[in-house]
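Here the structure comes first, spelled out in structure tokens, and everything after it is commentary.
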Amino acid sequence: MAIDSLLLGLVFAASLAGFCALSLAMDRHSEDVFGRGSTPGAWRRWLQLGGAVLLCLSLGASLQAAGSSIGWVLWLGALTAAALSTVALLSYAPRRFHWIAFAATGVALCSLLLASITS
């Protein structure tokens with residue numbers, strides 16, 4: 001079984017975007033990214049929902065790409081890499097964090113669209 005590269009890109013990009021959304025839903029990280037005193041406010045639930053949906057999307061893409069046995073391992077590896085990337089971005093580039101999160105979301109959506117068209 002060959003693993004589709006579009007689905008692999010989708011797995012990582014959706015995981016990264018999901019973790020970015022979930023971290024922006026937290027007061028501490030929102031202040032780190034947008035400045036002191038800024039909290040997610042009314043956006044908190046939408047960020048949490050979007051992050052959960054993106055993580056579920058990455059799971060589905062992982063299972064589609066590698067099957068039910070290897071797909072879980074692939075997904076856990078992608079989650080680990082995305083979580084480490086999120087922590088590194090929050091630590092070393094907090095002002096660019098939201099732009100990278102938007103880019104990861106865009107890559108995930110484009111990969112999803114292309115994967116659905118080609119299959």
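The structure displayed is predicted, hence computed values, not measured ones. Numbers here are sequence positions counted from 1.
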Which atom pair, heavy atoms only, marks the closest approach of Val11 to Ala78?
CG1-CB, 3.4 Å

Restricting to side-chain contact (heavy atoms from CB on, under 4.5 Å), what partner residues turn up for Phe102, sequence neighbours left out?
His98, Trp99

Under a 4.5 Å side-chain heavy-atom rule over Ile, Leu, Val, Met, Phe, Trp and Tyr, are Trp43 and Leu49 clustered together?
yes

Distance from Phe12 atom CZ to Leu79 atom CG, nearest 0.5 Å?
10.5 Å

Approximate separation, where rounding is to 0.5 Å, of Leu7 CG and Thr118 OG1:
7.5 Å

In the single-linkage hydrophobic clustering (I, L, V, M, F, W, Y; side-chain heavy atoms under 4.5 Å), do Phe34 and Trp46 co-cluster?
yes

Taking the side chain as every heavy atom from C-beta outward, state whether Phe97 and Ser23 have any pair of such atoms under 4.5 Å apart.
yes

For Leu57, the side-chain contact (heavy atoms from CB on, under 4.5 Å) test, sequence neighbours excluded, returns Leu10, Ala14, Leu54, Leu112

Separation between CG (Leu8) and OG (Ser58), nearest 0.5 Å, reads 12.0 Å

Quick test of your reading: applying salt bridge (charged side-chain N to carboxylate O under 4.0 Å, His left out), list the pairs with at least one residue in residues 35-52, sequence neighbours left out, ordered by first then second residue.
Asp27-Arg44

Check: Leu59 main-chain N/O paired with Ser62 side-chain donor or acceptor under 3.5 Å:
no

Rounded to the nearest 0.5 Å, what's the gap from CE on Met26 to CD on Glu31? Could you check?
11.5 Å

Do you know which two heavy atoms are closest between Gln48 and Ala25, and how far apart they sit?
CG-CB, 3.8 Å

Least distance between heavy atoms, Ala13 atom then Val107 atom
CB-CG1, 3.8 Å

CG of Leu16 to CG of Leu55: how many Å apart, nearest 0.5 Å?
10.0 Å

Correct closest heavy-atom pair for Leu63 and Ser68 would be CD2-CA, 4.1 Å

Approximate separation, where rounding is to 0.5 Å, of Leu24 CG and Leu47 CG
6.0 Å

Could you tell me if the side chain of Val33 sits less than 4.5 Å from the side chain of Leu90, heavy atoms only?
yes

Side chains of Phe19 and Val87: does their closest heavy-atom pair fall under 4.5 Å?
no

Shortest non-hydrogen separation from Ala101 to Cys20 and the atoms involved
CB-CB, 3.5 Å

